[in-house]
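The structure appears right after this line, and notes come after that.
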Amino acid sequence: PAQTTTPRERTPTRAGRPMSAPVVLEARDLRKALGGREVLAGVDLEIRRGDVCVIIGPSGSGKSTLLRCLNRLLIADQGTILLDDQPFGYRPSGSAIRPEPERHLAERRRRVGMVFQRFELFPHYTALENVVLAPRHFGLVPRAGAREYGLALLRRVGLEQHADKYPHQLSGGQQQRVAIARTLAVEPEVILLDEPTSALDPELVNEVLSVIASLADEGMTMVIVSHEMDFARLVADRVVFMDAGRIIEDGAPDQIFSAPAHQRTQRFLAAIG
Ligand code: ADP
Ligand code: MG
């Protein structure tokens with residue numbers, strides 16, 4: 001996959017990466033129960049500026065729940081999420097910790113973008129309208145400049161010529177690329193991608209992975225849940241293995257794929273072949 005991009009010169013993370021890049025997004029001891037089960041059982045994760053972190057793990061291990069808590073689509077039962085060292089979603093009020101006002105939440109959510117497995121485009125808006133809706137809402141672009149702004153974003157994902165089509169007129173791969181452009185449109189600091197290619201027909205996977213790889217090359221900070229192991233090897237600075245609501249292992253791709261330290265990681269990698 002993503003053969004159009006060359007492997008980048010990236011310093012290995014965790015073990016070898018200089019700790020100079022600031023932490024952008026950090027989870028501390030995140031816990032979340034759903035349906036009476038502990039889905040996140042104490043997750044600690046640090047994402048540094050420019051990191052490309054790929055999360056792998058068995059179905060049901062809590063990967064989607066973690067991403068949803070990171071941008072507060074879901075509220076964790078316990079733990080802290082820091083965005084640029086500020087508590088994300090809560091702020092201290094006297095001695096108590098109170099939920100953040102909705103307008104602050106919207107602004108913070110803008111800074112942590114999300115790309116979903118099933119694209120989630122607005123069906124009754126064109127590709128261009130899907131892309132410019134949020135930046136218009138946030139006042140990032142004047143009405144007069146909106147079309148140019150949207151076209152430039154669609155150009156980045158190779159879809160400028162499809163700007164005026166509706167989602168149903170686009171392939172799944174094209175829809176996902178529009179969804180990525182839409183996420184970029186509000187200038188997030190971090191993008192979370194939850195299995196961005198797993199709803200696609202196999203022949204459409206590479207066009208989406210190539211777009212993600214080009215964002216990685218541009219230095220975009222990303223957390224990607226993916227089962228595309230070749231892709232993870234190519235673009236990830238870090239691979240995180242989750243199982244049963246916990247991070248079991250967190251390291252450079254070569255280390256995780258070639259010499260996993262934990263039996264559960266070994267078993268998972270063997271099972272997916
Ligand atoms: P993953 O993305 O790793 O496959 P998820 O985070 O989606 O895992 O889910 C982890 C576990 O939480 C699964 O067992 C799932 O069934 C359960 N779960 C997720 N959402 C809900 C919900 N809204 N209510 C009850 N259980 C849920
Ligand atoms: Mg999931």
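Heavy atoms only: backbone and side chains are in, while hydrogens, waters and symmetry mates are out. Counting starts at 1 for both ligands and their atoms, following the listed order.
Shown here are the protein N/O/S atoms lying under 2.8 Å from the Mg ion (ligand 2), water excluded: Ser64 OG.
A donor-acceptor pair is defined here as one N or O able to donate and one able to accept, closer than 3.5 Å; no such pair exists between the side chain of Arg68 and the backbone of Leu74. Gln175 places a side-chain N or O within donor-acceptor distance of the main-chain N or O of Leu170, the cut-off being under 3.5 Å. At distances below 3.5 Å, at least one donor-acceptor pair connects side-chain atoms of Asn71 with backbone N or O atoms of Leu73.
Residues that satisfy the side chain to side chain contact (heavy atoms under 4.5 Å, CB included) test with Asp254, not counting sequence neighbours, are Arg233. The side chain to side chain contact (heavy atoms under 4.5 Å, CB included) check on Asp201 picks up Glu203, Leu204, with sequence neighbours excluded.
A salt bridge does not link Asp237 with Arg48: every distance from a Lys NZ or Arg NE/NH1/NH2 to an Asp or Glu carboxylate oxygen is 4.0 Å or more. One finds no salt bridge joining Lys63 and Asp194 here, because no Lys/Arg side-chain nitrogen approaches an Asp/Glu carboxylate oxygen to under 4.0 Å.
Sorted by chain and number, the residues within 4.0 Å of ligand 1 by heavy atom are Leu34, Gly35, Arg37, Val39, Pro58, Ser59, Gly60, Ser61, Gly62, Lys63, Ser64, Thr65.
Under the 30°/60° scheme for interplanar angles, the aromatic rings of Phe122 and His124 are found to stand perpendicular.
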Verdict with supporting geometry, Glu249 and Gln255, side-chain hydrogen bond (donor to acceptor under 3.5 Å, both in side chains): CA-CA 10 Å; Glu249 204 163 338; Gln255 184 254 306; 3.0 Å; yes

